[in-house]
Structures are given as structure tokens and as C-alpha cells.
Amino acid sequence: MNLLSLATIAMLLVVILILVSFWFPQMNPDTEKTSPYECGFDPLGSARLPFSLRFFLVAILFLLFDLEIALLLPLPWAVNLQNPTTTITWTSAIIILLTLGLIYEWLEGGLEWAE
């Protein structure tokens with residue numbers, strides 16, 4: 001197939017998907033979907049309500065593990081270096097550290113929502 005036919009098929013597929021998305025929308029609005037805040041807190045209530053500490057702990061854990069995983073993104077390129085043993089050693093250390101941290105949080109009950 002040449003480039004023109006591939007571009008035509010791709011454009012046709014895009015147009016079909018756009019038309020289908022306009023014809024078959026899910027129109028089930030409720031009070032939560034139409035509210036400007038989807039965080040679960042009442043935006044019209046008092047701003048001084050106490051937040052759950054568990055919410056913040058889980059959020060911090062998510063950010064921590066998310067940033068640690070970002071350290072592994074250059075791994076496919078680093079394996080092609082002259083000495084991949086060093087790369088594999090550091091990668092294994094990061095994965096072991098993440099696994100130990102997750103096990104520690106799990107055993108301490110940091111991932112539990114209810115007490």
C-alpha cells in the first residue's frame with residue numbers, strides 16, 4: 001500500500017470515529033457529574049473541615065512510587081551501553097527498594113482505607 005492510501009484510510013477512520021462519538025454519547029448526568037468539583041467534598045460547605053490523614057498518605061505514596069518508576073524509563077537505552085551490568089545492578093536495586101517499601105507500607109497498614 002502506498003502512502004496516499006494509508007493516509008486516506010487513516011482519515012476515513014478518524015472521521016468515522018468522530019461521527020460515532022457524536023451519535024452515541026452517554027447522556028446520564030447526575031449531581032456528581034454536573035458539579036464543578038469531583039473531589040468528593042462539598043464546595044459550598046465550610047473550608048475548615050478536617051481531611052483524612054489516610055488520604056494524604058496514600059497520595060504521597062502514589063507520588064513517591066510514580067516518581068521512582070520514572071527513574072526506570074531510560075532503562076531500554078541504558079541496556080545498550082558498553083557495560084550493561086552496572087545498569088542492571090542499579091535497576092535491580094531500585095526495584096528491590098520499591099518492593100520493600102511497598103511491603104513495609106502494606107504490613108504497617110498504610111494502604112488500608114478503613115481501620
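The chain is numbered in sequence order, starting from 1.
Minimum heavy-atom separation, I18 to S21: O-OG, 2.7 Å.
By the rule that hydrophobic residues join a cluster once side-chain heavy atoms approach within less than 4.5 Å of another member, L64 and I103 end up as members of separate clusters. There is no path of hydrophobic side-chain contacts, each under 4.5 Å, that joins L61 to L97. L12 is connected to V20 through a chain of hydrophobic side-chain contacts under 4.5 Å among Ile, Leu, Val, Met, Phe, Trp and Tyr, so both are in one cluster.
Note: E105 CD to L100 CG = 12.0 Å, rounded to the nearest 0.5 Å. Taking CG from L102 and CG from L107, the interatomic distance works out to 9.5 Å, rounded to the nearest 0.5 Å.
Looking at heavy atoms from C-beta onward, L72 lies in side-chain contact with I95 at the 4.5 angstrom threshold. Contact of the S92 side chain with the I88 side chain is registered, since non-hydrogen atoms from C-beta on lie closer than 4.5 Å.
Y104 belongs to no hydrophobic cluster with other residues, because no ILVMFWY side-chain heavy atom falls under 4.5 Å from its own, directly or through intermediates.
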